[in-house]
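Notes for the one structure printed next.
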Amino acid sequence: MSGMGLINYLRLYGDNLAPVLHPDERPLAMELFQYHPGHEDLGAPRPRFDLQEAADMALGLPTERTLGIAERLVSGMSLVGWPGSKAQLLSTASRFGSDLVVTNQRLLTGTVNNTTVTIDWELWREEVASLSWAPRFAQTGRLRLVLTDGSAIALVCGYIFPGAAKRIVAAWH
């Protein structure tokens, strides 16, 4: 996925969405995206600091704690939730890339092409607390999605160019 945003996916495949849309629902934006795994806080208890971990740290060996710190510094927090939370379900549904569709009623992910429309995940607008552009180094097309169940996820619509992410945010607002 280049993320350059030169292709208008909604213009190409928007008519194919008709069978999965509700009455009076219209698509506003569609872009390629993927979940880029980074640090995930799934509500697990923090690792306990013990003598083994202290010895590993003193020797410069990786520990669960130091790996988590490094991951947060490089990729940021990519998921906050718990097993079964809306953000965790979205991360599972979109690990290998997908289409992100904003409509006037819902946020959808799935596969849309000339022959197939498959919806893997969906939420009504009322279930989304916020959707914002949240760029990071080498992830300029990064989005932050906060859901009303208290979970949150970062999605990437492009690594170099931010246009696709900005179009999703503009369509949402």
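If you read the sequence from its start, that first residue is 1, and numbering goes on from there.
Judged by distance alone, with hydrogens and angles left aside, the side-chain atoms of S98 form a donor-acceptor pair with the main-chain N or O of G110 at under 3.5 Å. S94 contributes a side-chain N or O that, together with a main-chain N or O of L90, makes up a donor-acceptor pair within less than 3.5 Å. The backbone N or O of N113 lies less than 3.5 Å from a partner atom in the side chain of N16, making a donor-acceptor pair.
Side chains of R136 and Q139: no donor on one and acceptor on the other come within 3.5 Å. Using modelled atom types, one finds no donor on one side chain facing an acceptor on the other under 3.5 Å when comparing Y159 with T140.
Residues satisfying the ring-ring contact (aromatic ring centres under 6.0 Å, His included) test with H173, not counting sequence neighbours, are none.
In this structure, the side chains of M30 and L108 stay at 4.5 Å or more apart for every pair of heavy atoms. Using a 4.5 Å heavy-atom threshold, the side chains of W124 and L107 count as separate. A heavy-atom distance below 4.5 Å is found between the side chains of Y9 and E31. A 4.5 Å side-chain heavy-atom check between V102 and R167 finds every atom pair outside the cut-off. Using a 4.5 Å heavy-atom cutoff, the side chains of V128 and W172 are in contact. Within the 4.5 Å cutoff, side-chain heavy atoms of R26 are placed close to those of L28.
For the salt bridge (Lys or Arg N to Asp or Glu O under 4.0 Å) condition, the pairs that include at least one residue of residues 99-116, sequence neighbours left out, are E25-R106, R106-E122. For the salt bridge (Lys or Arg N to Asp or Glu O under 4.0 Å) condition, the pairs that include at least one residue of residues 124-134, sequence neighbours left out, are K86-E127.
Of the listed residues (I153, L100, V156), just one forms a side chain to side chain contact (heavy atoms under 4.5 Å, CB included) with L143, and that residue is L100. Results of the side chain to side chain contact (heavy atoms under 4.5 Å, CB included) test with L21 over V117, T103, V101 single out T103 as the only residue that passes.
Contact record, L79 with A87: CD1-CB, 3.4 Å, taken as the closest heavy-atom pair.
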